[in-house]
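Computed from a prediction, not measured in an experiment: that's the story for all the values here.
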Amino acid sequence: MRRIRAAVTGAVTLSLVLTATACGGGEGSEASPKTLTYWASNQGSSLEVDKKVLQPELDRFEKETGIKVKLEVIPWSDLLNRILTATTSGQGPDVLNIGNTWSASLQSTGALLPWDAKNFEAIGGKDRFVGSALGSTGATGKDPAAVPLYSMAYALYYNKKMFKDAGIAKPPTTWDELVAAGKKLSKDGKWGIGVEGSNLSNNIHQVFVLGKQHGADFFTPDGKPDFTSDGAVAAVKQYVDLMAAQKIVAPGNAEYAQNQSLSDFAKNRTGMVLWQTPSQTFESQGMTPEEWGVAPAPVPSGKPGAGKQTNSMVAGINMAVFKNTKNLDGALKFVKFMTSDDEQILLNKAYGSVTPVKSAQDDPVFADPWLAVIRDSLATSAAALPQVPEESQFETVVGTAVKELFADAAAGRPVTSESVRAKLDKAQQQMPKK
């Protein structure tokens with residue numbers, strides 16, 4: 001995104017904040033109801049790119065409403081910690097972006113404005129938004145803690161030159177085909193597929209999807225951790241085995257956490273990556289759209305769909321309002337503006353993502369073939385990560401377990417079902433007790 005970061009749904013432990021009383025937001029808004037503070041997530045290839053995209057729109061909002069928006073773009077590595085600090089200090093923004101997988105965790109702090117029927121009506125109604133995007137806005141049975149802003153899904157990106165050189169006629173659609181293609185690509189210092197082995201949230205995204213394909217959800221229906229089921233173990237092992245057993249991932253990928261796999265892809269070092277919407281990053285690396293292709297992420301067999309045919313998590317960015325903002329009316333107007341059809345088309349086009357607003361999806365920009373793959377996955381074969389308060393801890397502890405297993409694989413240590421189960425059992429022991 002633009003360079004969309006896999007850390008888009010970051011992984012930082014909520015620790016004691018989850019039990020704290022939220023103090024609300026509104027930093028900088030006490031002096032005037034004509035001012036809002038907005039924390040934007042880093043969606044572009046740099047913070048400066050985001051400012052260039054967003055500032056003209058904020059100026060337009062000010063011209064229309066008389067409300068000035070003070071913008072701060074925050075890197076993903078800092079965003080969740082900044083939000084958590086704000087929930088206890090009261091020194092937060094009026095409006096902010098959050099990774100959609102944080103929704104239930106942040107909802108449990110009590111700091112965010114609940115989006116009840118009245119608040120949704122103020123921005124045009126809940127039914128404007130795609131159902132899959134609404135599924136990642138908070139815990140089931142509660143009013144959402146945020147509204148969808150940018151939607152993404154994972155897809156398989158393939159390097160056309162490397163595929164041609166290896167004699168691969170078409171992109172793989174199943175995991176068996178992906179491994180076979182990866183082995184053809186893995187020679188002469190080049191590799192089949194890239195991973196970000198030290199990126200905890202990316203690890204979670206991949207093993208969650210594989211878990212669905214193996215019939216595992218990582219949490220029981222009543223919200224308890226279930227990390228050591230046979231399906232969960234098989235999912236984690238399958239992912240790490242791309243390096244450990246199949247040997248189609250470079251050992252150095254075990255240390256990747258900052259989109260290095262995208263750089264390798266753009267420089268013809270790696271033939272495939274599973275990512276959200278990396279077009280802006282490819283462009284920044286000097287790669288033209290004609291040099292890469294996109295296909296739905298693989299499934300065990302057949303076509304992507306629901307249940308065991310899931311091939312992506314529902315990725316994306318939500319927009320939230322601090323409950324104690326001193327300018328609620330202005331905050332609602334700003335969210336309405338940012339989720340309007342015109343702004344959704346402009347912003348999602350700029351960031352290479354898909355709008356979660358139904359009516360805006362009719363714009364021709366979202367008919368681009370590679371965006372169509374993402375849109376179709378969101379509509380038919382993507383599943384929301386568990387909407388439980390402990391989701392952020394799940395990202396941290398299981399993401400770390402996968403990171404450690406990649407380190408074992410890179411070092412030549414065996415990765416067995418027993419070693420995977422032991423790592424996941426240790427992770428489960430670190431989760432809060434209910």
Side-chain angles (χ1 to χ4, degrees), residues 1-5 7-10 25-29 32 34-80 82-83 86 92-100 102 112-113 123-124 129 133 146-152 259 276-281 283-284 315-322 325 327 330-357 360 363 365-366 371:
M1 325 191 179
R2 21 245 145 111
R3 153 173 149 184
I4 284 203
R5 305 192 180 241
V8 85
T9 53
E27 179 187 73
S29 65
S32 171
K34 295 297 184 181
T35 302
L36 290 171
T37 301
Y38 173 41
W39 285 358
S41 50
N42 177 204
Q43 300 303 118
S45 55
S46 70
L47 303 183
E48 290 304 315
V49 166
D50 284 309
K51 292 174 186 177
K52 289 178 180 178
V53 169
L54 293 171
Q55 192 57 57
E57 305 318 303
L58 305 187
D59 293 342
R60 181 180 304 173
F61 176 73
E62 182 178 6
K63 185 176 181 180
E64 292 180 5
T65 64
I67 301 172
K68 181 178 179 61
V69 179
K70 297 180 179 179
L71 171 67
E72 183 179 359
V73 183
I74 301 176
W76 282 104
S77 56
D78 300 333
L79 184 57
L80 185 53
R82 288 281 300 275
I83 296 171
D94 297 287
V95 185
L96 68 159
N97 290 359
I98 64 173
N100 67 353
W102 302 341
L112 302 184
L113 178 76
I123 65 168
F129 298 93
V147 298
L149 184 64
Y150 311 128
S151 286
M152 294 156 270
N259 304 342
Q276 295 174 26
T277 50
S279 60
Q280 205 176 77
T281 299
E283 182 180 355
S284 71
I317 311 303
N318 292 342
M319 186 172 242
V321 174
F322 263 89
T325 175
N327 190 359
L332 292 175
K333 287 179 178 177
F334 182 53
V335 174
K336 182 177 182 179
F337 173 81
M338 292 290 280
T339 56
S340 67
D341 284 15
D342 287 348
E343 289 302 308
Q344 280 291 291
I345 293 166
L346 185 150
L347 294 172
N348 281 281
K349 179 180 179 181
Y351 289 138
S353 46
V354 173
T355 174
V357 174
D363 190 86
V365 67
F366 301 113
L371 280 177

Would Asn42 and Asp50 count as a side-chain hydrogen bond (donor to acceptor under 3.5 Å, both in side chains) if you check the C-alpha gap in whole Å, the side-chain angles of each, and the deciding distance to 0.1 Å?
-> CA-CA 7 Å; Asn42 177 204; Asp50 284 309; 2.5 Å; yes
Heavy-atom side-chain proximity of [X] to [Y] below 4.5 angstrom:
X: Pro93; Y: Tyr38; answer: no
X: Val335; Y: Val95; answer: yes
X: Trp102; Y: Ile83; answer: yes
X: Lys70; Y: Thr35; answer: yes

May I have the step-by-step check of side chain to side chain contact (heavy atoms under 4.5 Å, CB included) for Met319 and Leu96, ending in yes or no?
-> CA-CA 6 Å; Met319 186 172 242; Leu96 68 159; over 6 Å; no
Using every non-hydrogen atom in the two residues, find where [X] and [Y] come nearest and quote the distance to one decimal.
X: Ile317; Y: Ser41; answer: CG2-OG, 3.7 Å
X: Ile98; Y: Ala146; answer: CD1-CB, 4.0 Å
X: Ser279; Y: Gly352; answer: OG-CA, 4.3 Å
X: Gly44; Y: Val49; answer: CA-CG1, 4.2 Å
X: Met152; Y: Ser353; answer: CG-CB, 3.9 Å
X: Gln344; Y: Pro356; answer: OE1-CD, 3.0 Å

Chi angles and distances behind the side chain to side chain contact (heavy atoms under 4.5 Å, CB included) call for Met338, Val147 | CA-CA 11 Å; Met338 292 290 280; Val147 298; over 6 Å; no
Hey, which of Val321, Leu58, Asn327 is the one that makes side chain to side chain contact (heavy atoms under 4.5 Å, CB included) with Phe334?
->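 Per the side chain to side chain contact (heavy atoms under 4.5 Å, CB included) rule, the option paired with Phe334 is Leu58, out of Val321, Leu58, Asn327.
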Test applied, side chain to side chain contact (heavy atoms under 4.5 Å, CB included); reference residue, Thr355; option that passes from Asn348, Leu149, Leu371, Ile345 =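 Considering Asn348, Leu149, Leu371, Ile345, a side chain to side chain contact (heavy atoms under 4.5 Å, CB included) with Thr355 is found only for Asn348.
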For this output row, return yes or no: ring centroids of Trp39 and Trp76 closer than 6.0 angstrom.
->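 Centroid separation for Trp39 and Trp76: 6.0 Å or greater.
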If I take atom [atom1] from residue [X] and atom [atom2] from residue [Y], how far apart are they, to the nearest 0.5 angstrom?
X: Ile123; Y: Thr339; atom1: CD1; atom2: OG1; answer: 4.5 Å
X: Asp363; Y: Asp341; atom1: CG; atom2: CG; answer: 9.0 Å
X: Lys68; Y: Thr37; atom1: NZ; atom2: OG1; answer: 10.5 Å
X: Glu62; Y: Leu36; atom1: CD; atom2: CG; answer: 10.5 Å
X: Leu113; Y: Asp94; atom1: CG; atom2: CG; answer: 11.5 Å
X: Tyr150; Y: Leu347; atom1: OH; atom2: CG; answer: 4.5 Å

Kindly check if the number of other-residue, nucleotide or ligand heavy atoms within 6.0 Å of CD (Glu283) is above 12?
->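 No, not enclosed.
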side-chain contact (heavy atoms from CB on, under 4.5 Å) with Lys333: which residues, sequence neighbours excluded?
->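 Scan of Lys333 (side-chain contact (heavy atoms from CB on, under 4.5 Å), adjacent residues dropped) gives Phe61, Ile67, Asp329.
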Quick one: side-chain contact (heavy atoms from CB on, under 4.5 Å) partners of Asp78, sequence neighbours excluded?
->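 side-chain contact (heavy atoms from CB on, under 4.5 Å) check on Asp78 returns Ile74, Pro75, Arg82.
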Does anything in residues 342-354 pair up under salt bridge (Lys or Arg N to Asp or Glu O under 4.0 Å), and if so which pairs, sequence neighbours excluded?
->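 Every salt bridge (Lys or Arg N to Asp or Glu O under 4.0 Å) pair that includes a residue of residues 342-354, provided the two are not neighbours, is Arg60-Glu343.
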Going through the checks in order, is the side chain to side chain contact (heavy atoms under 4.5 Å, CB included) test met by Leu47 and Val73?
-> CA-CA 6 Å; Leu47 303 183; Val73 183; 3.7 Å; yes
